[in-house]
Amino acid sequence: MNNATSPKGIYAIAPERRLGGAAHTALVQRRKAAEKRFRYYGLGALVVSLMFLVLLFASIIAKGWTAFEQTYLRLDVDFATDVLVPDGDRSEQALSSANYPALVKNAIWAAFPDVTSRGEKRQLQDLVSSGASFELRNIVMNDPSVIGTQRSVWVPATAFVDSLIKGQMDRSLPESERKLSDLQISWVDHLLSNGHIEKRFNTMLFTDGDSRDPELAGIGGAIMGSLYTMLVTLLLSFPIGVAAAIYLEEFAPRNRWTDLIEVNINNLAAVPSIVYGLLGLAVFINFLGLPRSSPLVGGLVLTLMTLPVVIIASRAALTSVPPSIREAALGMGASKMQTITHHVLPLAMPGMLTGAIIGMARALGETAPLLMIGMVAFIVDVPKSLTDPATALPVQIYLWASSPERAFVERTSAAILVLLAFMVLMNALAVVLRKRFERRW
Amino acid sequence: MNQPNTLTRIEDPAMAEIQPQQAQPTFSATEPAPEGHRTVGKITVDNPKMSARDVNVYYGEKHAIKHVELDIGTNEVIALIGPSGCGKSTFLRTLNRMNDTIDICRVTGNISLDGQDIYDRRLDVVQLRARVGMVFQKPNPFPKSIFDNVAYGPKIHGMTSSRAELEDLVRWSLEKAGLWHEVKDRLEQPGTGLSGGQQQRLCIARAIAVSPEVILMDEPCSALDPIATAKIEELIDELRENYSIVIVTHSMQQAARVSQRTAYFHLGDLIEVGETEQIFTNPEHKLTEGYITGRFG
Ligand SMILES: Nc1ncnc2c1ncn2[C@@H]1O[C@H](COP(=O)(O)OP(=O)(O)O)[C@@H](O)[C@H]1O
Ligand SMILES: [Mg+2]
């Protein structure tokens, strides 16, 4: 063809198609435009996802940050001897069951001596949280010498007063649609004006268990439940997962069985978590008879769920160790075991840890399987062992999210913030570990 | 040969002239030696350190080494040469049973070290690999300190009884490998931070630290620059005094410089063995001649 007419040994490309020719220039321009477009698509996608994230955070923080403060009332309490120890019995048992609510009532009534009618006294009482009597009991139990003296004590106000102080209650609504009466509002304003009402950092949120009274409800129990659950999960899933990965990667023969196992591990990683919950219910609770609602069972179930993730990540970490390192060790006369423990594992460890932490972060946010094994109950006490009934953070969020009270709404968001903080912390830990142990070869 | 390129095709008249010569009736670079080929030259030596008899290696169905018989002499350097994929590395790795680590690899025949069968079931392969050390193509120090690299072997084999003794052995090995003066002030730094040539000498120091009797080297200089290569070659020449060395090399000059005997492999067959001088000046087999004269490879 036209090649025949070209100078010897050079393929004759049509002039406009040569590098720099008209057709070629157009091609380059099209390519550049396409590359630019591609970049903008990526940027757009990033902006959209960031926007969702910001929106999510903004709404949670806006709803939740107020829960980190709680309104407290100052009561001038008279630890009257005749109320606390009417029959002179000062034993610990008698003191712990003394009539503290009466002290609270007397104190708040004393603050408003003008209030005399029964109905109004009742309303006055309703400003103070039932947690106030616990507060007073703690004071007396810690130091019985306060009996017979007077003291001013800060006690939590009810959630309605709290809402009013935080500006969440609409004063312009007709009285019948408000949770506080006009009279109660005027008392609160009075207390506020003479400095007997104050907002303080809400430590109860972090130390207390769940409660019917929103102002007393905390995530302390849920956090401890989650910690115990995670402890069980970590202690089981990491060693078992790593050992399984090492066996599969380094020792198992390549045959139909190991292929089958491999496929199934990958499948297990994709099994919906609620299925693990059902399995846990059937095996650990109904068959093995382990205590319901306990972090032990929760941890076992989450271990089942996390194991495939840990195994897959650990195997990937093992395969990424360069074969030249294994050859070097084997060539020195290191046994297979020595090669693995001295060289392969240290190099694979960051990857394994990262996998485990990411698996744990997923388990921390898991709710469905815990519902199945009864970690969804209303539990007031903070769990003190692996077998105590407990809830976990995400379950607590689920429980509170269905309560309509304003105070529970803000606590729901606060709990979400705490959960997210834990997640961020764990992921940051994964990054730090990876950086710290990263080695080049 | 140049594939016709879509953009340019440069026709080189010189190529066309060479081609007819290369087409030989009986032997070609891409065809194996005829069935039942017997190695040309003397495969035995007077005082063998290792000897291989009727060694066959299979990767699954693939017959990678065919009926190879070869002695490795005491205190000699023997070079294995041949085109890529002819089985040099495979044969080398049968000598310290590194092929055991490849699932599909199967070895038959007999290989002995000091008259003892190394494929004997009762033999501890870990100990064998301490006696027959290996240096790889790509320098592969452990991602540990220089000291730990050299100390690793003696540690796992329990060869020293005190820290001082271990330090002494590490120093001796590094000196022997000609690396001591370059690294003595940074023994705690990672071995992977050294230059390529230094890394390879570190690997040699690591190998000799466990007092091997034979050292296998698989193209130890192919990743190094000429100066580093010259240093390694010098080192090999010195090491010959105390060790038997089997070296695979792609460079015929290198084979000629460092070895006393040379074995030429071709597609799994051991074609010819002989004194290095004789192989390079007066090869007996047509295939050997074809390779060393650079007609294929
Ligand atoms: N691990 C392996 N699995 C399968 N085939 C292999 C393996 N290693 C080498 N081979 C094959 O064996 C033959 C010899 O390879 P090798 O010994 O590496 O050659 P050389 O070192 O001479 O270049 C080649 O054809 C190669 O494809
Ligand atoms: Mg090779």
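Letters A, B, ... mirror the listed sequences (proteins, then strands); counts begin at 1. What you see is a predicted model; the values in this text were computed from it and never measured. Both backbone and side-chain heavy atoms feed into the values below; hydrogens, waters and symmetry mates do not.
- The two residues B:P141 and A:I325 come nearest to each other via the heavy atoms O-CD1, 3.8 Å.
- Under the rule for a ring pair (Phe, Tyr, Trp, His ring centres under 6.0 Å), A:Y228 has no partner lying at least two apart in sequence or in another chain.
- Between B:M134 and A:L330 there is no side-chain heavy-atom pair separated by less than 4.5 Å.
- A distance of 10.5 Å separates CG of B:D100 from NZ of A:K336, quoted to the nearest 0.5 Å.
- A pairwise comparison of heavy atoms in B:F136 and A:A328 identifies CE1-CA, 4.0 Å as the closest pair.
- Listed by sequence position, B:V126, B:R129, B:A130 are the residues of residues 123-131 of chain B in contact with chain A, using a 4.5 angstrom heavy-atom cutoff.
- To the nearest 0.5 Å, atom CE of residue A:M332 and atom CG of residue B:N149 are 9.0 Å apart.
- Contacts of B:R171 classified as salt bridge (Lys or Arg N to Asp or Glu O under 4.0 Å), with partners at least two apart in sequence or in another chain: B:E175.
- Of all residues in residues 29-40 of chain A, none places a non-hydrogen atom less than 4.5 angstrom from a non-hydrogen atom of chain B.
- Aromatic ring centroids of B:Y152 and A:H343 lie under 6.0 Å apart.
- Remark: A:R18 CZ is packed, more than 12 non-hydrogen atoms of other residues, nucleotides or ligands lying under 6.0 Å away.
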*Output, in order, the C-alpha distance, side-chain angles, deciding distance and verdict of salt bridge (charged side-chain N to carboxylate O under 4.0 Å, His left out) for A:E327 and B:K138.*
CA-CA 11 Å; A:E327 286 206 315; B:K138 199 174 142 256; over 6 Å; no

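- At least one donor-acceptor pair closer than 3.5 Å links the side chain of B:N140 to the backbone N or O of A:S324.
- Between A:P253 and B:D103, every side-chain heavy-atom pair lies at or beyond the 4.5 Å cut-off.
- Taken to the nearest 0.5 Å, the CD1 atom of B:I156 stands 7.5 Å off from the NE2 atom of A:H342.
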